Amino acid sequence: MKDAYSLILSAIDNGTYRPGDRLVESELAERFGVSRTPVREALQRLETQSMLTRDGRSLIVATLDHNQLAELYTVRTELEALSARLAARHATREEVRVLNQMVQDDRRIVGDPQALSRANRRFHHQIHLASHNRYLVQQLDIVHRTMALMAHTSLAAPGRGDKAMAEHQKIVDAIAAGDAVAAESALREHISTAFETRLKESARAWADTVEQDRR
């Protein structure tokens, strides 16, 4: 049986529906081949989780403002850092090998920001799992679900892909060495750089918009 909630959430996550897009109950039911009742319930659930917001009588995919983005990254940094620290203590040899292989594989797709973004989510999720703390994994799932509300990936910025892969390798090396302090530090640095990159890209986009409005 298809789960309307998961289907809609996945569509937001993969960019089928982007921030600002209007979601219509009947259209969603037709697209996903489910009845309108589970779609209606899924929309209500997503609105409660702040994934959707009201625009008059319509529901639209939410957009994160500057303060929300900063708050999200603050929480993400702390939780991700904890996951790296715990992974350095608890990751198995097999999990470390998988992380290393992910970095090697992902280097081949640095020229494709969208593919790299998906691979990046897989990489971070693998670290979450390697922490061997189910409650932490649950909280990080919520954070990463909310990150789907960011319209663009910071990995699209020039040169960011290669730098991110080097940062990933530094994190994995620390986990492999069982160095919890270094793993946490490397993860914090990685998230901080990603946030800074996103802020720079947002500022550039804002300036471009202002310039176009003046013409």
Side-chain angles (χ1 to χ4, degrees), residues 3 5-21 23 42-43 45-53 59-87 99 102-103 106 109-110 112-131 133-157 160-161 163-165 167-168 171 184 186-206:
D3 179 2
Y5 171 81
S6 297
L7 289 169
I8 298 171
L9 188 61
S10 178
I12 295 172
D13 189 47
N14 64 32
T16 300
Y17 296 112
R18 306 176 70 83
D21 285 351
L23 299 186
L43 292 176
R45 181 179 175 186
L46 288 165
E47 183 182 8
T48 300
Q49 295 172 342
S50 299
M51 294 294 290
L52 304 179
T53 187
L59 279 173
I60 62 173
V61 180
T63 301
L64 298 177
D65 62 25
H66 177 83
N67 288 337
Q68 289 173 311
L69 188 63
E71 292 165 6
L72 178 62
Y73 266 92
T74 296
V75 172
R76 183 190 177 194
T77 298
E78 296 304 318
L79 294 180
E80 293 269 16
L82 176 58
S83 74
R85 185 166 74 243
L86 293 178
L99 285 168
M102 283 182 169
V103 176
D106 295 349
I109 56 173
V110 291
D112 185 343
Q114 294 307 316
L116 191 60
S117 177
R118 292 190 292 272
N120 180 67
R121 289 197 294 272
R122 289 194 297 271
F123 173 80
H124 281 273
H125 185 63
Q126 190 62 36
I127 294 177
H128 306 165
L129 295 176
S131 75
N133 187 304
R134 72 191 70 184
Y135 302 105
L136 178 58
V137 172
Q138 290 172 0
Q139 294 306 309
L140 280 162
D141 282 347
I142 294 173
V143 169
H144 279 260
R145 181 180 64 207
T146 306
M147 289 183 67
L149 299 178
M150 294 184 285
H152 305 288
T153 173
S154 62
L155 292 167
R160 179 57 191 150
K163 291 180 181 178
M165 292 306 98
E167 292 163 10
H168 280 187
I171 295 167
E184 177 180 350
L187 204 297
R188 284 183 181 277
E189 181 181 352
H190 175 57
I191 301 299
S192 176
T193 303
F195 184 31
E196 183 177 343
T197 300
R198 188 173 294 280
L199 290 176
K200 288 178 179 177
E201 291 299 303
S202 295
R204 186 176 296 110
W206 177 85

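This one's a predicted model, so the numbers in the text were calculated from it and none came from an experiment.
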d(Arg118 CZ, Asp13 CG) to nearest 0.5 Å is 10.0 Å

Smallest heavy-atom separation, Asp106 atom then Ala119 atom, equals OD1-CB, 3.4 Å

Nearest-0.5 Å distance, CG of residue Leu52 to CG of residue Leu43: 6.0 Å

Side-chain heavy atoms of Arg122 within contact of Gln126, under 4.5 Å: no

Gap separating the OH atom of Tyr17 from the CE atom of Met51, nearest 0.5 angstrom: 14.0 Å

Minimum side-chain heavy-atom gap Phe195-Arg76 below 4.5 Å: no

Gly20 versus Thr63, closest heavy-atom pair with distance: N-OG1, 3.9 Å

Which heavy atom of Thr197 sits nearest to which heavy atom of Ala157, and what is that distance? CG2-CB, 3.6 Å

Just wondering, do Asn120 and Leu116 contact through their side chains at under 4.5 Å, heavy atoms? no

May I ask you to say whether Glu196 pairs ionically with Arg160, meaning some side-chain N is under 4.0 Å from a carboxylate O? no

Smallest separation among heavy atoms of Ala62 and Pro19, with atom names: O-CB, 3.5 Å

What's the separation between atom CG in Leu149 and atom CD1 in Ile12, rounded to the nearest 0.5 Å? 7.0 Å

Go through it in stages, so that I can follow the logic: the residues are Lys163 and Thr193, the test is side-chain contact (heavy atoms from CB on, under 4.5 Å), and I'd like the CA-CA distance, side-chain angles, deciding distance and then a yes or no. CA-CA 10 Å; Lys163 291 180 181 178; Thr193 303; over 6 Å; no

Please work out which of the three classes, parallel, tilted or perpendicular, describes the rings of His124 and His190, given edges at 30° and 60°. parallel

Return yes if some donor-acceptor pair links the side-chain N/O of Ser117 with the main-chain N/O of Pro113 below 3.5 Å, else return no. no

Can you tell which of Glu80, His125, Gln139 makes a side-chain hydrogen bond (donor to acceptor under 3.5 Å, both in side chains) with His144? Glu80

Does Glu78 use its side chain to pair, donor to acceptor, with the backbone of Val75 at less than 3.5 Å? no

Give the intermediate values and the outcome of side-chain contact (heavy atoms from CB on, under 4.5 Å) for residues Arg45 and Thr48. CA-CA 5 Å; Arg45 181 179 175 186; Thr48 300; 5.6 Å; no

Checking Met102 against His168 for the side-chain contact (heavy atoms from CB on, under 4.5 Å) test, could you report, in this order, the C-alpha distance in whole Å, the side-chain angles of both residues, the deciding distance, and whether it holds? CA-CA 9 Å; Met102 283 182 169; His168 280 187; over 6 Å; no

Where the side chain of Asp112 meets the backbone of Ile109, is there a donor-acceptor pair that is under 3.5 Å apart? no

Gap between atom CG of Asp21 and atom OG1 of Thr16 - 0.5 Å precision: 9.5 Å

Keeping Thr77 on the side-chain end and Tyr73 on the backbone end, is there a donor-acceptor pair under 3.5 Å? yes

Closest contact, heavy atoms only, Leu140 versus Ser83: CD1-CB, 4.0 Å

Point-to-point distance, once rounded to the nearest 0.5 Å, from OG of Ser154 to CE of Met147: 7.5 Å

Any donor and acceptor pair, going by atom type alone, linking the side chain of Ser131 with main-chain N or O of His128 inside 3.5 Å? yes

